[in-house]
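Written below as structure tokens is the structure these notes are about.
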Amino acid sequence: MASLVGSRVERKEDTRFLQGKGRYTADINIANQTYAVFVRSPHARAKIKSVDTSKALKSSGVVGVLTGKEIAEDKIGGLIAGWAIRSEDGSEMKVPANPPLAKDVANFVGEPIAVVFAETLDEAKEGAEKVKVDYKVLKAVVDPAEAMKSEAIHDGVDKNLCYDWLLGDRKAVDEAFAKADKIIKVDLINNRLVPNAMEPRACVVDYNTASEEITLYTTSQNPHLSRLVMSAFGGVAPENKLRVVAPDVGGGFGSKINVYNEEIVCSWASKKIERPIKWVAERTESFLTDTHGRDHVTHAELAVSNDGKFLGFKNETIANLGAYARVFGTVTPTYLFGPCATGVYVIPAAYSNVKAVYTNTAPVDAYRGAGRPEATYTIERLVEKAAMELGMDKTEIRMKNFPTQFPFKQTLVHTVDSGDYVAGLEKAKQMADYAGFEARRKKSEANGKLRGIGVSSYFEACGIAPSAAVMSLGCGVGLWESAEVRFNPTGQISVFTGAHSHGQSHDTTFAQIAADELGVPMENIDVVHGDTDKGTFGMGTYGSRSLTVGGIAIVNACKKIVAKGKRVAAKMLEVNEDEIEFKDGEFVALKSNKKKTIGEVAFACYLPGQRDEMKSPIPEGDEPGLIESSFFDPANFSFPAGSHICEVEIDPDTGNVKVEKYTAVDDFGRIVNPMIVEGQVHGGIAQGIGQALHENTQYDETGQLMTASYMDYTMPRADNFPEFNLGFTCTHATSNPLGVKGCGEAGAIASPPTVMNAVIDALGGQEISMPATAEKVWKACKTMKKSNAKAA
Amino acid sequence: MKSFNYHAPKDVKDASKLASSSSAFLAGGMTTIPSMKLGLASYKDVIDLKNIKKLSGIKVSGKTVTIGATTKHAEVAASKDVMKAIPALAKLAGNIGDAQVRNRGTIGGSISNNDPSACYPSACMALNAVIHTNKRKIEAEKFFTGMFETALKSGELVEAVEFEIPEKADYQKHPNPASRYAIIGVFVAKHKKDVNVAVTGAKSCVYIDKDLSKKLSSNFSVSAIEGMDVKSSGMNSDMHASAEYRANLVSLYAKKAVEAC
Ligand SMILES: Cc1cc2nc3c(=O)[nH]c(=O)nc-3n(C[C@H](O)[C@H](O)[C@H](O)COP(=O)(O)OP(=O)(O)OC[C@H]3O[C@@H](n4cnc5c(N)ncnc54)[C@H](O)[C@@H]3O)c2cc1C
């Protein structure tokens, strides 16, 4: 039988999605449901003097109004930071309480203060307008670079500083810098991004008054984790009385990892008002309250020798956490960022120092790539600048500093098991016709345009993550993944996974893997996810972990099925177990060539009785049934890597930047479905180009979000992109039996520096910050003209 | 969105009878519906114009092109008649917003709304348009009175827009990358006697750039306006573009438009 792993199987989920049959949270309605509307702070920072709900309670159709006071009285816990990060001086990070409904102070525009439940959505909205909140507006802290010098916004958090973290060796770095021929320096801003999942957040809660069970339908990337957090920290309900269902979810990108205020409040309130509750975010609420991404201010330096060898690296970053520290908020700018900031290079000495600060803006958390795009942007801007200042070719300087031996002990944390960075860059150069660039530049010049080429080579640590490693770094949970494979008597198979698909195509890829392991057609396999009542447990989907961790749990559970199948088949065929071979879905007795299909074996597993001729097929010591589960905890992260090359053309009259060519060569280890992987890479590059050229989250100095709609926040669109030119190299991961590395984030990690390096190349090396919007580029072009004129 | 009474009358008379100080006409709904959803506007009565047949359609006479108020941008963009008589107008309509907006948005809604960064008002100004309402005829110059303001009185309904066919014309636009409205739109029309350069997006309301128009009236060529300094004073400055950048775009796109004529 041909292997399904590696082939372009069409997506099973497309049929329902393309026919509009997806079933999302907002599609769910429960008889007798009420509608929730949240009263949100219009101020970035304000004392809440009083909340008057009396008029709202009398408003037509209003069933209930709840505030921070009631939720505090019921001792419902708040939102949490999932990772404990220590400062360089050994002190614990400072985390303020984040109640689901703010009681005393509001810390960002959009923070929920109260909630109104009513018979209809209109009535709920009208009721919400009648809740009177008396605020005392305080001066907001908005700019992360100024946060440490500003008044503290949280009690007990001095200088608004969550932690001042260090990874690496300052002394070794100083020594390396002292010996260097040249120090390359960059000052960077990694612009804040609004994730903008196509489906806004939503939840529907159904409290069963008889069983006292709460069912929460929600837009989550990790329903089990949400249940755990809501039970353990929220105290909303015991874990066995809380069912969390995340049905079809229309994109997450990290913004749906957190348990949010609305889910906690509606779950708690449903029990209180004994009515089902439905809440669906409006787009403005998504802009204001979904966790945002990035938002770093970085100064970094690279020490080099005149022949282009990297000697040392340092990175001083201020990371904006927003108003509160959330689940991955504290680890994203530290362990997901710092170690990767030395990139794909041998750099003998390095350190990353990160100060995470609180500001009166929406909380910042993981967003596609989480930390690694910021890391790659830092090092790849430095490397490109080093090439420019040393007068070296951009690819040559990279080649010169790539490791050639694997495993490669990276400077700060990771031991990279496999890779071939030289092969990736060589292939990218070829595919991009790197050699022909000068001719294309001249042609553009003749048309009055400026053309630039940019390169970036990246690696990332994903497949998050080995529990032992992450827990030693401060993670509050282990990041294994589980799977259960149920072989039903009639031959159909349900594969339960704790990973969650919200665009990753697990229905297809996981079925491909299980089909190969079990030797059955893919059509016989259903992948089940997103429901804590179905399947064992799970940590969910983020950090490119679904396949590398969740997929392997499926493989291992399938292997257990086959192992038991072998024992059963041996008994059925009356031979010893070691005389049985399993191949293409059949258990074959090697000597006699008699066989049983896996379907026959499964059927037999459910018929353990004895009657007349029929003997029990279940060997002694085995139990009936054919259901196996596995918890997989990887031994290491996985390390996708690659090189991307971009060419842009700039119109100096308007400053418009056109991405002319984009080439990506990635090493994702073994590829299960090339079509799906290409889709993931396309999406990632599109988001990265969005960050580099278009997306520009702006708060004004009072903390109002200026870009809170699509009229003002530029999402990249199809006509902003050329056709992407994709290629692959392959070295297998050694930390998992499939040799897979994960591909979900790579595009968004590699592309921002690739594009910016091209823009800056076109501008003759003039630094410009992301997003390189037309006006900014136009101004840079004018400066360039002036300095050219001076030089002439 | 607050609830409202929905009407869809079959003729203009009924529509105007239904109108009051707390009503709105509904054409494509591309502006009206979002502002109602966001709570920026609410009406007791919404009067949908879609059933009034005579408000839709395109007519070309010897000297003018007349477009019915509820004619959609996509229809203008695809009209062979418009393409032949005033290709710049078809081009303008074809570059408004995105496909969804063009399939719903109408010329009547566009000019009645008079968004400072809408495209059509510039065409009206440059092509000496006459706005036909159920009460009177209004010259474009007198129709667009300020930011989101027009000469329309309560209950007054745009029926059609009549454009003068120029000798040559072109429309050039620098779209806002987010909304795709015009950051700057420049409509240049060369009529028999004179040239009009209408600018949208730059200020609080569409206007004719008199200096550019004058220069081009005496010499219709790029060189006539080469090096001419468009002043940024009075121009909009916001997070999408500074006044200085807008001024640069006005002179740039005026040249591009002349070149394309
Ligand atoms: C995302 C987006 C992008 C856009 N981009 C552009 C662009 O690039 N260029 C551009 O020019 N426009 C643009 N628009 C505007 C759009 O093209 C419409 O013209 C505009 O939204 C209004 O037209 P409508 O037919 O939808 O009117 P409606 O929204 O139905 O009505 C708008 C206003 O006009 C009134 N009205 C409607 N018809 C009449 C009438 N016959 N008589 C009197 N009053 C009337 C209504 O009462 C209302 O006050 C964009 C809109 C959106 C949403």
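Quick note on labels: first sequence line is chain A, next is B, and so on, each numbered from 1.
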Nearest 0.5 Å, what's the [atom1]-[atom2] distance between [X] and [Y]?
X        : Y        : atom1 : atom2 : value
B:Met239 : A:Met706 : CE    : CE    : 5.0 Å
A:Asp719 : B:Asp98  : CG    : CG    : 10.0 Å
B:Ile184 : A:Thr654 : CD1   : OG1   : 13.0 Å
A:Glu126 : B:Lys2   : CD    : NZ    : 5.5 Å

Below 4.5 Å from any heavy atom of chain B, which atoms of [X] appear? Answer side chain, backbone, both or neither.
X        : value
A:Asn696 : neither
A:Asp700 : neither
A:Glu123 : neither
A:Ser709 : neither

| Toward chain A, the part of B:His174 with a non-hydrogen atom under 4.5 Å |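 For B:His174, side-chain heavy atoms alone lie under 4.5 Å from chain A.
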| Heavy-atom distance under 4.5 Å to chain A: side chain of B:Lys255, backbone, both or neither? |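 Neither part; nothing is under 4.5 Å.
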| field | Side chain B:Asn248, main chain A:Asp653, donor-acceptor under 3.5 Å | value |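 Checking the backbone N and O of A:Asp653 against the side chain of B:Asn248, a donor-acceptor pair under 3.5 Å is found.
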| request: For B:Arg180 and A:Met711, indicate whether the former's side chain and the latter's backbone hold a donor-acceptor pair under 3.5 Å. | output: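 Not a single qualifying donor-acceptor pair exists.
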Anything under 3.5 Å between a donor and an acceptor, one on a side chain of residues 34-41 of chain B, the other on a protein residue two or more places apart or in another chain? List them.
| unit_1 | atom_1 | unit_2 | atom_2 | d |
| --- | --- | --- | --- | --- |
| B:Ser35 | OG | B:Thr31 | O | 2.9 |
| B:Ser35 | OG | B:Thr32 | O | 3.0 |

| Where is the tightest heavy-atom contact between B:Ser3 and A:Asp122, given as atom of each residue plus distance? |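 Of all heavy-atom pairs spanning B:Ser3 and A:Asp122, the closest is N-OD2, 4.4 Å.
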Review item, side-chain donor-acceptor pairs of residues 775-782 of chain A, under 3.5 Å, at least two apart:
| unit_1 | atom_1 | unit_2 | atom_2 | d |
| --- | --- | --- | --- | --- |
| A:Glu775 | OE1 | B:Ser242 | N | 2.9 |
| A:Glu775 | OE2 | A:Lys779 | NZ | 3.2 |
| A:Glu775 | OE2 | B:Ser242 | N | 3.4 |
| A:Glu775 | OE2 | B:Ser242 | OG | 2.4 |
| A:Lys776 | NZ | A:Ser769 | O | 3.1 |
| A:Lys776 | NZ | A:Ser769 | OG | 3.1 |
| A:Lys776 | NZ | A:Pro771 | O | 2.8 |
| A:Lys782 | NZ | B:Glu244 | OE2 | 3.1 |

| field | Results of side chain to side chain contact (heavy atoms under 4.5 Å, CB included) for A:Lys658 - residues two or more places apart only | value |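 Checked A:Lys658 against side chain to side chain contact (heavy atoms under 4.5 Å, CB included); matches are A:Glu660.
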| What are the residues of residues 103-110 of chain B, in order of number, with any heavy atom under 4.5 angstrom from a heavy atom of chain A? |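 None at all.
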| said: Tell me whether B:Lys91 at atom NZ has more than 12 heavy atoms from other residues, nucleotides or ligands lying less than 6.0 Å away. | reply: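 For B:Lys91, atom NZ is crowded (more than 12 foreign heavy atoms under 6.0 Å).
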